[in-house]
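What follows is one structure encoded as C-alpha cells, with my remarks underneath.
Labels below follow one simple rule: chain letters A, B, ... track the order of the sequence lines, proteins then strands, and each chain is numbered from 1.
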Number of protein chains: 2
Amino acid sequence: MTAPQIATTLRADILAGRITPGEALQQEDLAARFGVSRIPVRDALQQLAAARLVEVVPGRGARVVRLTRDELAEVFELRRLLECNALRRATTRAKAADHEAVDHARQQSDLEAGRPGWQAGDWAFHAALYAAANHPRQIAMIAELRDTCQMHIAAYDRLSDDTPRWLADHQAISAAFCAGDADAAASRLAKHIMAARDRLLTLLAD
Amino acid sequence: MTAPQIATTLRADILAGRITPGEALQQEDLAARFGVSRIPVRDALQQLAAARLVEVVPGRGARVVRLTRDELAEVFELRRLLECNALRRATTRAKAADHEAVDHARQQSDLEAGRPGWQAGDWAFHAALYAAANHPRQIAMIAELRDTCQMHIAAYDRLSDDTPRWLADHQAISAAFCAGDADAAASRLAKHIMAARDRLLTLLAD
DNA sequence: TTTCGTATACATGTATACATAAATCAGGAC
DNA sequence: GTCCTGATTTATGTATACATGTATACGAAA
C-alpha cells in the first residue's frame with residue numbers, strides 16, 4: 001500500500017460514511033491497518049487535508065472534518081453560486097456533442113439510481129453539465145464542496161430516498177440545458193441544490 | 001525550524017516572488033537550507049500543496065504552481081464571482097461597526113500603498129469588506145485565489161504602479177458599502193478585479 | 001541522423017529508531 | 001468534593017538509513 005492508495009482508500013471510506021465526521025484518525029492504527037509505517041500514512045492524511053476531508057492539528061493528530069449546521073449551510077450556498085454559474089456558462093457554450101454527453105450521463109445515472117454507489121453516476125451527470133463551461137478549477141472547487149456534503153449525508157442520512165424527485169430534477173435541468181435556456185437550467189439547479197440542503201439540515205436537527 | 005514554520009517561510013517566498021512559478025522545489029536543498037531532515041520539508045510541501053501554491057507529482061517532486069493565461073483568466077473569473085457575491089451579502093448585513101472597520105482598513109491600506117508589503121494592507125481592506133458576510137469558508141476560498149494571483153503578479157509584474165487608480169477604486173467601493181448600496185459596491189468591485197486581470201494578462205503576453 | 005536500449009546518477013518513497021509534546025491519571029491541598 | 005500539580009502514558013514530530021523509482025547520458029542499431 002502506497003501513500004496515494006491509502007489516501008484513496010480513506011477518501012472512499014469517508015465519503016461512504018464508514019469513517020464518520022469527527023472521528024480521530026490515529027497514525028499508528030492506520031499504519032497497522034494498511035501494513036505500512038506511519039510515514040506514508042502521514043502523507044495520505046496531508047493529501048486528505050488538501051481535499052478538506054480531514055483537518056490536521058499540529059501535535060494533536062488528524063480528525064475527519066465535521067461541519068456545524070451553519071458551516072454546511074454556507075457550503076450549500078457556495079455550491080449554488082458556483083454550480084449555477086458553471087451551468088449558465090456551460091449552457092451558453094454547449095455544442096451538440098455536449099448535449100449528447102449530458103443526456104447519456106443522465107440516462108446512465110437513472111439506471112444507477114437507488115443502487116449503492118449511485119453518487120458516482122449523479123456526479124458524472126453534474127460534471128457533464130459543467131464540462132462545457134471549460135473551467136476546470138471551478139469544477140474542482142465544486143467537487144470539493146460536494147464531497148464535503150456527501151461526507152455528512154453518508155453519515156447522517158443513510159436512508160434517504162428522494163430518488164423520484166431527483167430524477168425529475170435531472171430531467172428538467174437536462175432539458176433546459178439542451179434547449180440552451182440558461183436561466184431555466186440555473187433556476188432548476190438552484191432548487192435542486194436547495195432541496196438537498198433542506199433535507200440534510202432537517203435531518204441534522206436531531 | 002518546524003514543518004509549519006518552513007511552510008510559512010516558503011509561502012512568503014512564493015508570494016513575494018523570491019521563488020517563481022514553475023520552479024522545482026527539491027527536498028534535499030530545502031532540508032539543507034532550513035537545517036532539518038527531509039521529513040518536515042515533505043510535510044511543509046504537502047501543506048503548500050493544500051493551499052494550491054505548489055503541486056507535488058508522486059515520484060517527481062514538487063514545483064511551484066505555474067498557471068497558463070487561460071487558467072489565470074479562470075481564477076480572476078472565480079474571484080469576481082466569489083468576491084462580488086461576498087460583498088453583496090456583506091453590504092446588506094453590515095452594521096455601523098462594520099462600516100467603521102472597513103473605513104479604518106481603507107485608511108490603513110492608503111498609508112501602506114506603494115510601500116513594500118502593501119499587499120497585506122490591501123487584503124486587510126478586502127477582508128474587512130467581506131467580513132460581514134459571515135462566510136468564513138468563502139473568504140478562505142477567496143484568499144486562496146488571491147494568493148494564486150499574487151504569486152504570478154509578484155513574478156511577472158514587479159514594477160506595476162497603478163496605486164492611484166487602486167486607491168480611487170477602494171474609495172468608491174468603501175463608500176458604496178457604507179451607504180448600503182450592494183449593487184454599486186459589487187459593480188465597482190467587479191471593475192476593480194477585471195482591471196487587475198487585464199494588467200496581469202497583458203504583462204503575461206511577453 | 002535518429003531512435004531505442006541500457007547503465008549510471010540522483011531524487012523521492014519508506015522503514016526503523018529516537019525525541020518531543022500532548023493527554024491521562026494519580027495524588028494531595030484546599 | 002473540587003481543583004491543582006506532577007508523573008506516566010501515549011501519540012505525534014523528526015533524524016537517519018535504506019529501497020525504489022525516475023531522469024539523464026551514453027552507446028548501439030536501424
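- Annotation: ring-ring contact (aromatic ring centres under 6.0 Å, His included) contacts involving residues 61-100 of chain B, sequence neighbours excluded, comprise His99(B)-Phe177(B).
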Treat primed atoms plus P, OP1 and OP2 as sugar-phosphate and everything else as base, then score nucleotides 11-22 of chain D 5' to 3': B for base contact with protein heavy atoms under 4.0 Å, S for sugar-phosphate contact only, - for none. SBBBBB-----S
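- Looking at residues two or more places apart in sequence or on another chain, you find a salt bridge (Lys or Arg N to Asp or Glu O under 4.0 Å) between Arg146(B) and Glu83(B), Asp122(B).
- End-to-end axis angle for the helix from dT1(C)-dA30(D) to dC30(C)-dG1(D), using five pairs per end and rounding to 10°, comes out at 30°.
- For Arg63(B), the salt bridge (Lys or Arg N to Asp or Glu O under 4.0 Å) test picks out no residue, with sequence neighbours left out.
- Every residue was checked against the salt bridge (Lys or Arg N to Asp or Glu O under 4.0 Å) condition with Arg60(B), not counting sequence neighbours, and none meets it.
- Residues passing the salt bridge (Lys or Arg N to Asp or Glu O under 4.0 Å) test with Arg11(B), sequence neighbours excluded: Asp147(B).
- The ring-ring contact (aromatic ring centres under 6.0 Å, His included) contacts involving residues 34-68 of chain A comprise nothing, where partners must be two or more places apart or lie in separate chains.
- Residues satisfying the ring-ring contact (aromatic ring centres under 6.0 Å, His included) test with His170(B), not counting sequence neighbours, are Phe125(B), His126(B), His192(B).
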